Structures are given as structure tokens and as C-alpha cells.
Amino acid sequence: MTDKKIAVVVLNWNGVALLAQFLPKIISFSEEATIYVVDNASTDQSIQYIRDNFPNVKIIENNKNYGFAKGYNIALKSVEEPYYALVNSDIEVTKNWLIPIKNQFENEPNTAIIQPKILDFKNKNLFEYAGAGGGFIDKYGYPFCRGRIFESIEKDTNQYDDTCEIFWASGACFFVRKDFFRILKGFDEDFFAHQEEIDLCWRAFNLCYVIKYNATSVVYHIGGATLNEGNPVKTFLNFRNSLLMLVKNLPKDQLIPILFIRMILDGIAGFKFLFKGKFKHFTAILKAHFYFYKLISINLRKRGFVQKANYYETKSIVYNYFVKRKKIFNS
């Protein structure tokens, strides 16, 4: 263990081009941290590139591609700094990005997780889809953000330049206390990738820990560099994992009625894909539900002792967005 309190941990899988593009700035702007790259059994030149160009970066090599959840869980068992900064390989950091986060952790002992402001690398005046200005969910488990609701992205006009409590923080750039991460046994490995960070935050919320957004730390995210929005695998993971998350975290008296309504809404989404000719996405939703049924008993056993009822920001973001045409968070 070093005397540095922050571990910046970058998960990589066949991302040598992204490492070449973004790792130098992470190193330059992270004097307060020890830098780790976790490699999920890449078959490109990622490992050799790091060894040749950045000998001070610590490399943790996983023996296969375990995805986001298990990939981090395995690696972080050997990372002992008290604060983790889990950073996607397609994130550009900015000067002094770590200092406000470190100060907040040290001054707020009940704050377990923090997200910075996440803007779009390709258009730095816009918020980025994955996280934006901090995440929330509706009653039926649909995630949305300050700055992004479904496909509507807001321009950054400093409207979310604050520090506030949120429901979930984006896994694209996810700050978490080591001790808390280990208390909750990390991410749920059944998720593989997508929404595992929302599940972790929901479990934190149920245990009365606090998740915060801090706009004084800013990063830029490409988004979809590993799995883009048009990939049906992403559709499968998002729909399946969202259902698993509901089973694990909903209050007992709301579990069956909310799951029933959510499945109807998923069916509507599936037929929408079908009518647009996106047959692979329609099939991905069917597959997601099949695997959900397969995993439901396992995930029922993962439920904690407490499920808080006041988890949602609005009853239905689907209704507000598609029927009432409310496209902006502040509306």
C-alpha cells in the first residue's frame, strides 16, 4: 500500500488505442493517486504498450474477459488505497479532477459513492449519455439523469454546477470508498456489464449511505467505445439487468405489481423495435426475459434486510417523456 489515498483503476479489454489516447492525461492529472490498469485478458498489445510506455502504472491481469462487474471485483481485492476511482478507458480527465472528490470523502463520512460531471468528449458543450449530471430512476426502474432523459441530451449551461445527492452514479467514472465496496461485496457479477453500478448504488441507498454528484470534478466520455448503443448485446444486458435489479431491491409489497407493469412496458419496447425492423433488438428483449426467469430465484436470495420505499424521483419517466413530452430534467 502507498501513502496515496486514491487508486485510479482503468478497466481495459483490447483497448490499446484508447489507452494511448487517454492514459497519458490520467497520469499527468492524477498526482494524488496510484494508477492501475486492469486487463480483462486482452489479445491486442495493451499490456506490452503499458509496460513500454508507462512503467509506473500497475498492471493487474485477469485470466479471461470477466466483463465490468467481475473484472473489477477480482482486481480490487488487491487494491488497498481507501478511495477507488473506477474509470472507463474512454474517459478524458481534467486538471485537479481528483482533489474535490478526495476532500468530499474526507469531510463527509457517510458519503460512500461520488460521480463527477460527465460531458461528451465529441461535443464538450453537451452532457454525456452515461451519467451526465447524476442519475435517478423512476418507480419502474428506468434510469435517467440530470442532463439526459432517454435520447434527449441537454447542453451544459452550468445548470447542474452543484454538489447534490443523487440516486446512482455512472460506472463510466465511479468514485467509491474501498471499505464500503467490500462491505457490499462489490458489483453483482451476474450482471456482467451494464447497470451493475445502479444496483450497487441502490443497495447503498437501502443501507442509508449517501451517493453524491460533484460538478467541480469534470471528465469527458466517448461512450460506446466498447459496446455501442446499436449493439443488440447492449439491449439484452440493459433489459435483463434492469429486471434483476428490481427483484433485488424493490420493497416486498411493490415487487410483483411493479415487475408486472415493467414487463408490459418491456413488451411495448420490443414491438417498437419490431415495427422499426430492428429484429435483433426485439430478439434481445425476449432473450433478456428468458434469462431473467432463469436467474430470478438466485436474485431473490440476494435481497437485503431492508428495501426502502422512497427510491424513485418520479412515478413514470416513460409517461412524462413520451406522453407529456417533458424532455428536460428540470421540467
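Bear in mind the structure is a predicted one, so any value in this text is a computation, not a measurement.
With salt bridges taken as basic N to acidic carboxylate O contacts below 4.0 Å, one links D190 and K302. The pair R51-E61 counts as a salt bridge, with a side-chain nitrogen and a carboxylate oxygen less than 4.0 angstrom apart. Taking the charged nitrogens against the carboxylate oxygens, K124 and D156 have no contact shorter than 4.0 Å, which rules out a salt bridge. A salt bridge links E80 with R182: the closest approach of a Lys/Arg side-chain nitrogen to an acidic carboxylate oxygen falls below 4.0 angstrom.
Between K5 and E106 the shortest side-chain heavy-atom distance falls below 4.5 Å. Between N73 and F181, some side-chain heavy-atom pair lies under the 4.5 Å cut-off. Side-chain contact between D199 and F191: present, with at least one pair of heavy atoms (C-beta onward) separated by less than 4.5 Å. Residues D138 and Y319 fail the side-chain proximity criterion, which asks for heavy atoms closer than 4.5 Å. Residues Y129 and I153 form a side-chain contact, since some pair of their non-hydrogen atoms from C-beta on lies under 4.5 Å apart. In this structure, the side chains of I113 and F174 come closer than 4.5 Å at one or more pairs of heavy atoms. The side-chain heavy atoms of F187 and L86, taken from C-beta on, include a pair separated by under 4.5 Å.
When ring centroids are compared, Y160 and Y213 stay outside the 6.0 Å threshold. Separation of the Y312 and F136 ring centroids does not fall under the 6.0 Å cut-off. Centroid-to-centroid, the aromatic rings of F127 and F329 stay 6.0 Å apart or farther. F205 and Y311 have their aromatic ring centers separated by at least 6.0 angstrom.
Side chains of Y72 and E196: no donor on one and acceptor on the other come within 3.5 Å. Of the N and O atoms on the side chains of E81 and Y36, at least one donor lies less than 3.5 Å from an acceptor on the other residue. Q159 and N330 are not linked by any side-chain donor-acceptor pair at a separation below 3.5 angstrom, with hydrogens and angles left out of the test. Side-chain contact annotation: D39 with S42, donor-acceptor N/O pair under 3.5 Å present.
Not a single ring pair (Phe, Tyr, Trp, His ring centres under 6.0 Å) links F144 to another residue, sequence neighbours left out. Considering only residues two or more places apart in sequence or on other chains, K308 meets the salt bridge (charged side-chain N to carboxylate O under 4.0 Å, His left out) condition with none of them. Residues that satisfy the side-chain contact (heavy atoms from CB on, under 4.5 Å) test with N96, not counting sequence neighbours, are I99.
Geometric assessment of R203 against the ring of Y209 yields a negative cation-pi assignment under the 6.0 Å and 45° thresholds. Judged by a 6.0 Å distance limit and a 45° cone about the ring axis, K327 is positioned over the six-membered ring of Y321.
The shortest heavy-atom contact between K248 and Q307 is O-NE2, 4.1 Å. Closest approach of Q115 to I166, counting heavy atoms only: CB-CD1, 4.3 Å. Closest approach of S46 to G15, counting heavy atoms only: OG-N, 3.6 Å.
In this structure a side-chain-to-backbone donor-acceptor pair under 3.5 Å is missing from R262 to L243.
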(Q) Before you tell me yes or no, could you show the steps for S30 and W97 under side-chain hydrogen bond (donor to acceptor under 3.5 Å, both in side chains), namely the whole-Å CA-CA distance, both residues' side-chain angles and the distance that decides it to 0.1 Å? (A) CA-CA 8 Å; S30 304; W97 69 297; 3.1 Å; yes
